[in-house]
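Letters go in sequence order (proteins before strands), and every chain restarts at 1.
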There are 2 protein chains.
Amino acid sequence: MLTEDELALLEAIRETGSLSRAAARLGRAPSTISHAARQLEARFDALLFDRRRYRLQLTPAGHLLAQEAARLMHDVARLTRRVKQVAGGWEDRLRIVTDEILEFDTLLPVIRAFDKLESGVSLRITHEVLGGTWEALREGRADLVIGATNEPPAISQLRWAELGRMEWVFAVSPRHPLGKATGPLSQQVVSAHRSVVVADSSRGTGRGYGVVAGQATLAVPTMRAKILAQCDGLGVGWLPRHRVSTLLKNGALVEKAMADPREPNVLFAAWRGDHDGRALSWWLEQIRQPRLARRLIDGLPLPG
Amino acid sequence: MLTEDELALLEAIRETGSLSRAAARLGRAPSTISHAARQLEARFDALLFDRRRYRLQLTPAGHLLAQEAARLMHDVARLTRRVKQVAGGWEDRLRIVTDEILEFDTLLPVIRAFDKLESGVSLRITHEVLGGTWEALREGRADLVIGATNEPPAISQLRWAELGRMEWVFAVSPRHPLGKATGPLSQQVVSAHRSVVVADSSRGTGRGYGVVAGQATLAVPTMRAKILAQCDGLGVGWLPRHRVSTLLKNGALVEKAMADPREPNVLFAAWRGDHDGRALSWWLEQIRQPRLARRLIDGLPLPG
DNA sequence: TCAACATGTGCGGTCTCTTCGAACGGGTTC
DNA sequence: GAACCCGTTCGAAGAGACCGCACATGTTGA
């Protein structure tokens, strides 16, 4: 393998173009450097230095070694940092999976605050649709899940905390055929119109919120897209009340009373008890603050 | 940095789960291992081993180090191979740039033969359109250029060899308006019809073969596409005679006499004299064989 | 042309660091 | 509780790194 001394040797020889100067730079005797250089060649079983001329030079092989060794050295330095970091109780990385109904924007201030800690932990934030968050936790793809819906399933070592409730509203564009309908709408009436659903293309399986069997659907990638689609009159469906509050106020959407109202969803944060670290603890501490939890669930109302 | 001994130490401890067994496996005294382990911890300034329980275990930091160090070790082994290879006179990699009018298929047998040498040299074969090959050589993006057209430009240390001549034929689809024209065609007559040109989208600049100013053009990505386009009657232009020989025979294309015939192109192989290596020498040796050069230039006639 | 200087290498001695064996304390197993 | 396993400490022995010196060779400047 390569010692940092050997690397420094190559580096010094390459830059100074001479063994004596390299020796001076490294604070060693010239004979030591000469000895070490020969030893290095013996180790790699290759001519690394061209000694034919007065001042020796690196051969192409020597150049390659010096150059790549510098890269390796860099890798080792980074590895050292990571090891110290993990030894200090910080995870190497923290994988956070949010449900898509949470808006990434609301996480930004927390991420910024986390960055200020300069922990070195690399964050990886992705999102999933519907049950995907629980799956991610079960399959070990996530260290922390934020905004998971429905009841926590049976996962060994599961820990969780309630974030709060998300209320839903059935709303349509005023230009939509249902826009002028009066009185509570039955499922039968609704099912005659296309519904807009959020689906995750990457996993292939078609999931959707509150879809009636046989109903035509328009699958869109995000809740934001669903809201915009419904504003456009492209379909109908349930929307998070708080995120469409402005749109309801200015008439871009109209709320419809339903024969079967939708119960509010309880949102959870969840993690596994067998992995702990300072980054996870910090995030849990933040998320347990009611103000932040409220903001995460409410999201940002779309401006009209 | 990490010595291979230290890496072997981590590996042995991780697998055996005990210092004594690791010592036995490595053929050292237990005291040596204990000492080395502590020294490793001091070096990284991190707790790598959990000594609280009876048999010590790797901490998360230790696991990370062992795992990543194994990866590093692998990198070093690969680097060692590459250094030996370069020291043996083989280049680290050979970048071959062909003109697009050469067909990649005709290179395949040569590549297979090169692979049989098991030199370890990684081949990188790309193609360029028109003057792009010379540029690639000038800008140091290529170690060897095959099939460069036109005269060799002034490039320092340039070396070249003639491959042979490529003859051209002006041909159109029988369903094209020019298909029934008689007698030699003048430039003026031709310029009234759209010409098909080969252009390189990746470099942005529009280049083309023998295009008359003001003439409408259809730019296609490859010579193969140009042939197919002209068979389809989408345009007219010069084509390599040998590659369309079958198509001329079966009537998919008809040759037209021209008032200004096109001179055959001389194709060159070129490289720089200041980089030599066994891989380059081998390729030059192959290319200088007249039979191979002929096959490269003629390409594969498209079946009707 | 010759002297002064610079460069790379070989040798013997010194010094540091690794390694070992022996002894000890604590934990596990039967 | 005896036998065994495990990790640690300590002094001694050995290996390898390093230095100073001498020497051959090549370069530079007067």
Side-chain angles (χ1 to χ4, degrees), chain A residues 1-63 65-66 69 73 76 80 87, chain B residues 1-63 65-66 69 73 76 80 87:
Chain A
M1 194 111 171
L2 286 169
T3 327
E4 69 263 34
D5 291 343
E6 292 166 329
L7 178 60
L9 177 74
L10 280 165
E11 194 92 15
I13 293 177
R14 188 174 62 80
E15 288 185 13
T16 63
S18 130
L19 284 194
S20 320
R21 295 186 190 205
R25 169 181 297 204
L26 299 175
R28 298 280 145 82
S31 59
T32 305
I33 301 302
S34 175
H35 183 64
R38 288 201 176 276
Q39 197 179 8
L40 202 57
E41 282 182 315
R43 171 112 55 92
F44 278 89
D45 189 26
L47 270 86
L48 303 176
F49 309 99
D50 183 356
R51 298 176 162 84
R52 286 173 304 184
R53 272 172 288 183
Y54 180 44
R55 288 187 172 188
L56 59 65
Q57 301 245 317
L58 285 176
T59 62
H63 261 114
L65 182 60
M73 185 79 163
V76 171
T80 305
Chain B
M1 196 115 169
L2 285 169
T3 324
E4 67 264 36
D5 290 342
E6 292 166 331
L7 179 58
L9 177 73
L10 280 165
E11 193 93 345
I13 293 177
R14 189 174 60 81
E15 287 185 14
T16 62
S18 129
L19 284 195
S20 320
R21 296 186 189 204
R25 167 181 296 204
L26 299 176
R28 299 279 146 82
S31 59
T32 305
I33 301 302
S34 175
H35 184 65
R38 288 203 176 275
Q39 197 179 7
L40 201 57
E41 283 182 312
R43 172 112 56 92
F44 278 90
D45 188 25
L47 271 86
L48 303 177
F49 310 99
D50 183 355
R51 299 164 210 271
R52 286 173 304 183
R53 271 172 287 181
Y54 180 43
R55 290 188 172 188
L56 59 67
Q57 301 242 317
L58 284 175
T59 61
H63 261 113
L65 182 59
M73 186 78 165
V76 171
T80 304

So, for B:L7 and B:A66, which heavy atoms are closest and what is the spacing to 0.1 Å? CD1-O, 4.2 Å
Roughly how far, to the nearest 0.5 Å, is CG of B:L19 from CZ of B:R51? 7.0 Å
What is the separation between atom CG on B:L47 and atom P on D:dG7, rounded to the nearest whole Å? 16 Å
Tell me, with the steps shown, if A:T59 and A:F49 meet side chain to side chain contact (heavy atoms under 4.5 Å, CB included). CA-CA 5 Å; A:T59 62; A:F49 309 99; 5.6 Å; no
Tell me the interatomic distance from B:R43, atom CZ, to C:dC17, atom C1', rounded to whole angstroms. 12 Å
Going through the distances and angles, do B:M73 and B:E11 end up as a side chain to side chain contact (heavy atoms under 4.5 Å, CB included)? CA-CA 11 Å; B:M73 186 78 165; B:E11 193 93 345; over 6 Å; no
Quick check against the 3.5 Å criterion: does B:Q57 have a side-chain atom that pairs as donor or acceptor with the backbone of B:D50? no
Closest heavy-atom contact between A:A87 and B:A46? CB-CB, 3.3 Å
B:L40 side, atom CG; B:I33 side, atom CD1 - distance, nearest 0.5 Å: 11.0 Å
Any sub-3.5 Å donor-acceptor pair from B:T16's side-chain atoms to B:A12's backbone N or O? yes
Let me have a per-nucleotide readout for nucleotides 18-23 of chain C, 5' to 3', with B, S or -, counting only protein heavy atoms under 4.0 Å. SBBB--
Do A:D5 and A:L9 have side-chain heavy atoms sitting under 4.5 Å apart? no
Give each stem of DNA chain C as a range with a range, requiring at least 3 consecutive Watson-Crick or G-U wobble pairs whose two distances are under 3.5 Å. C:1-30 with D:1-30
Set out, line by line, the N/O atom pairs under 3.5 Å between protein and nucleotides 5-7 of chain C.
| from | atom 1 | to | atom 2 | distance (Å) |
| --- | --- | --- | --- | --- |
| C:dA6 | N3 | A:Y54 | OH | 2.7 |
| C:dT7 | OP1 | A:R21 | NE | 3.2 |
| C:dT7 | OP1 | A:R21 | NH2 | 3.4 |
| C:dT7 | OP1 | A:R55 | NH2 | 3.1 |
| C:dT7 | O4' | A:Y54 | OH | 3.0 |

Hey, does B:R53 reach any base, or is it just sugar-phosphate, or nothing, if we go heavy atoms under 4.0 Å? nothing
Determine whether B:L58 and B:L65 satisfy the following criterion, side chain to side chain contact (heavy atoms under 4.5 Å, CB included), listing intermediate values before the conclusion. CA-CA 10 Å; B:L58 284 175; B:L65 182 59; over 6 Å; no
Rounded interatomic separation in angstrom, taking CG from B:L40 and P from C:dC17: 16 Å
